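Structure first, commentary second.
We name chains A, B, ... by the order of the sequence lines, and we start the count at 1 in each one. Model, not experiment: these values are computed from the prediction.
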2 protein chains.
Amino acid sequence: MPLDTVFAALGDPTRRTILAMLLEDDMAVTDVAEPFEMSLAAISKHLGVLTAAGLISQEKRGRVKWCKLEPDAMREASIWMQSFGQFEAVNLDDFERFLAVELDNAPSHPSKN
Amino acid sequence: MPLDTVFAALGDPTRRTILAMLLEDDMAVTDVAEPFEMSLAAISKHLGVLTAAGLISQEKRGRVKWCKLEPDAMREASIWMQSFGQFEAVNLDDFERFLAVELDNAPSHPSKN
DNA sequence: CGAAACGTCAACCAAATGGTTGAATATCGG
DNA sequence: CCGATATTCAACCATTTGGTTGACGTTTCG
């Protein structure tokens, strides 16, 4: 089940921090590792877990491997959680309308293709 | 971090199934365990994990311990995840205002009619 | 009272997880 | 070609996790 790997991946604070970093921009493995007090190999493993969960993708260009956030992977998990109540935080439909408006107003966003 | 325990708890399919069962109604431990092909002790442990994460609460009445879903525990995790949807194009300030409005809209009383 | 039902505890086990080091593999720049 | 940079691999280790079994403490009820 993809939910297994996604939730398990999100259960580690190092990995959640990495995801938050990638929210800013794509990053090379070495740059991802830099702020952490742990070996590069350990970060490489974390990135492997995130990749296996589909939460990021990694593309090698030259000797540098770029890490890119794949937020769609959270969608299924998010929807699963939403099913646990009207108590729940955000209405997804409202959220999508919000996103649609945001995308229209985005200044430097290249037109989709 | 509560996000650690919540996400980790959700990473197990047995525990997610238990939560889905409790969506229907509160249940006794024995009844929770009944559909699973695993010992009562194992289920008891799973319920302990869910309780530690705050996702359920357990109240003992007589010799029966009742398990009750606590969906509020998912709120923080849900909000965390939603901040990752299509983020590149989203203005964070707008997103936070959006969240504020969402949270302000009382979950259980209809807003307009 | 005494047996059955409810649930946890303790000890144990195999496998997975999160980390380390050191060697290995590409690739880039001079 | 050589050396530095980027990243993974492999072996290892300690801890956690998810499961088992059997004994144990409570509570209910005939």
Side-chain angles (χ1 to χ4, degrees), chain A residues 1-22 25-70 73 77, chain B residues 1-22 25-70 73 77:
Chain A
M1 190 100 63
L3 287 184
D4 287 19
T5 51
V6 168
F7 279 129
L10 295 179
D12 184 278
T14 300
R15 289 193 289 261
R16 285 199 310 278
T17 301
I18 291 174
L19 291 175
M21 290 164 61
L22 292 176
D25 205 352
D26 298 358
M27 296 180 77
V29 172
T30 305
D31 295 332
V32 169
E34 196 272 330
F36 295 97
E37 288 179 346
M38 115 184 25
S39 70
L40 185 59
I43 296 296
S44 182
K45 280 192 190 180
H46 280 305
L47 292 172
V49 172
L50 291 170
T51 302
L55 288 162
I56 68 170
S57 59
Q58 292 180 285
E59 183 199 357
K60 192 170 178 184
R61 283 202 301 271
R63 59 181 166 177
V64 175
K65 204 164 181 180
W66 293 93
C67 304
K68 179 182 185 324
L69 190 63
E70 298 288 350
Chain B
M1 189 102 62
L3 287 184
D4 287 19
T5 50
V6 168
F7 279 129
L10 295 180
D12 184 277
T14 300
R15 289 193 290 261
R16 286 199 310 278
T17 302
I18 290 174
L19 291 175
M21 290 164 60
L22 292 175
D25 205 352
D26 298 358
M27 295 180 78
V29 173
T30 304
D31 295 332
V32 169
E34 195 272 329
F36 295 96
E37 288 181 346
M38 114 183 30
S39 70
L40 184 60
I43 295 295
S44 181
K45 280 192 188 180
H46 280 305
L47 292 171
V49 173
L50 290 170
T51 301
L55 289 162
I56 69 170
S57 58
Q58 293 181 284
E59 185 200 354
K60 192 170 176 184
R61 283 205 300 273
R63 61 181 167 178
V64 175
K65 204 165 181 181
W66 293 92
C67 305
K68 180 182 185 323
L69 190 63
E70 299 287 350

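Each of C/dT8, D/dA6, D/dT27 was ranked by its minimum atom distance to the side chain of B/R63; first place goes to D/dT27. Closest contact between the side chain of A/V29 and the listed nucleotides D/dT7, C/dT8, C/dG19 involves D/dT7. Side-chain atoms of B/M38 lie closest to D/dT20 of the nucleotides C/dT8, D/dT8, D/dT20. Closest approach to the B/S44 side chain among C/dA11, D/dT8, C/dT8 is made by C/dT8 (side chain taken as heavy atoms from C-beta onward). Among C/dT8, D/dT8, C/dG18, the nucleotide with an atom closest to any side-chain atom of B/L40 is C/dT8. Picking from C/dC6, D/dT7, D/dG19 the nucleotide with the shortest atom distance to the side chain of B/V64 gives C/dC6. Looking at the side chain of A/K65, the nearest of the listed nucleotides C/dG19, D/dT7, C/dC6 is D/dT7. For A/T30, the listed nucleotide lying nearest its side chain is D/dA6; candidates were C/dT21, D/dG19, D/dA6.
The side chain of A/S39 contributes no N or O atom lying less than 4.0 Å from OP1 or OP2 of C/dG19.
Across the interface with DNA chain D, nearest-nucleotide mapping of B/A42 and A/L47 shows A/L47 to be the residue nearer the 5′ end. Heavy-atom distances to DNA chain C give each of A/R61 and A/R15 a nearest nucleotide, and the one nearer the 5′ end belongs to A/R15. Closest-nucleotide positions on DNA chain C for A/D12 and A/K60 were compared, and the one nearer the 5' end corresponds to A/D12.
In this structure, CD on B/E34 lies 10.5 Å from CD1 on B/I43, to the nearest 0.5 angstrom. Taken from CG in B/L22 to CG in B/L47, the straight-line distance is 7.5 Å, to the nearest 0.5 Å. Atom NE2 of A/H46 is separated from atom CD1 of A/I18 by 6.5 Å, given to the nearest 0.5 angstrom. Here the CE atom belonging to B/M21 is positioned 5.0 Å from the CZ atom belonging to B/F36, to the nearest 0.5 angstrom.
Following rounding to the nearest Å, B/E59 (CD) and C/dG7 (P) show an atom-to-atom distance of 13 Å. Taking atom NE2 on B/H46 and atom C1' on C/dG7, their separation rounds to 16 Å, with Å as the unit. Between B/E34 atom CD and C/dA5 atom P there is a gap of 15 Å when expressed in whole angstrom units. One can place CD1 of B/I18 at 14 Å from C1' of D/dG19, the figure rounded to the nearest angstrom. The distance from atom NZ of B/K45 to atom P of C/dA10 is 11 Å, rounded to the nearest whole Å. Protein atom CD1 of A/I43 is 14 Å distant from nucleotide atom P of C/dT21, rounded to whole Å. Atom CG of A/D4 and atom P of C/dA15 are 19 Å apart (whole Å).
Nucleic acid contact class of B/A28 (heavy atoms, under 4.0 Å, all strands): sugar-phosphate only.
Contacts of B/S57 classified as side chain to side chain donor-acceptor pair (under 3.5 Å), with partners at least two apart in sequence or in another chain: B/E70.
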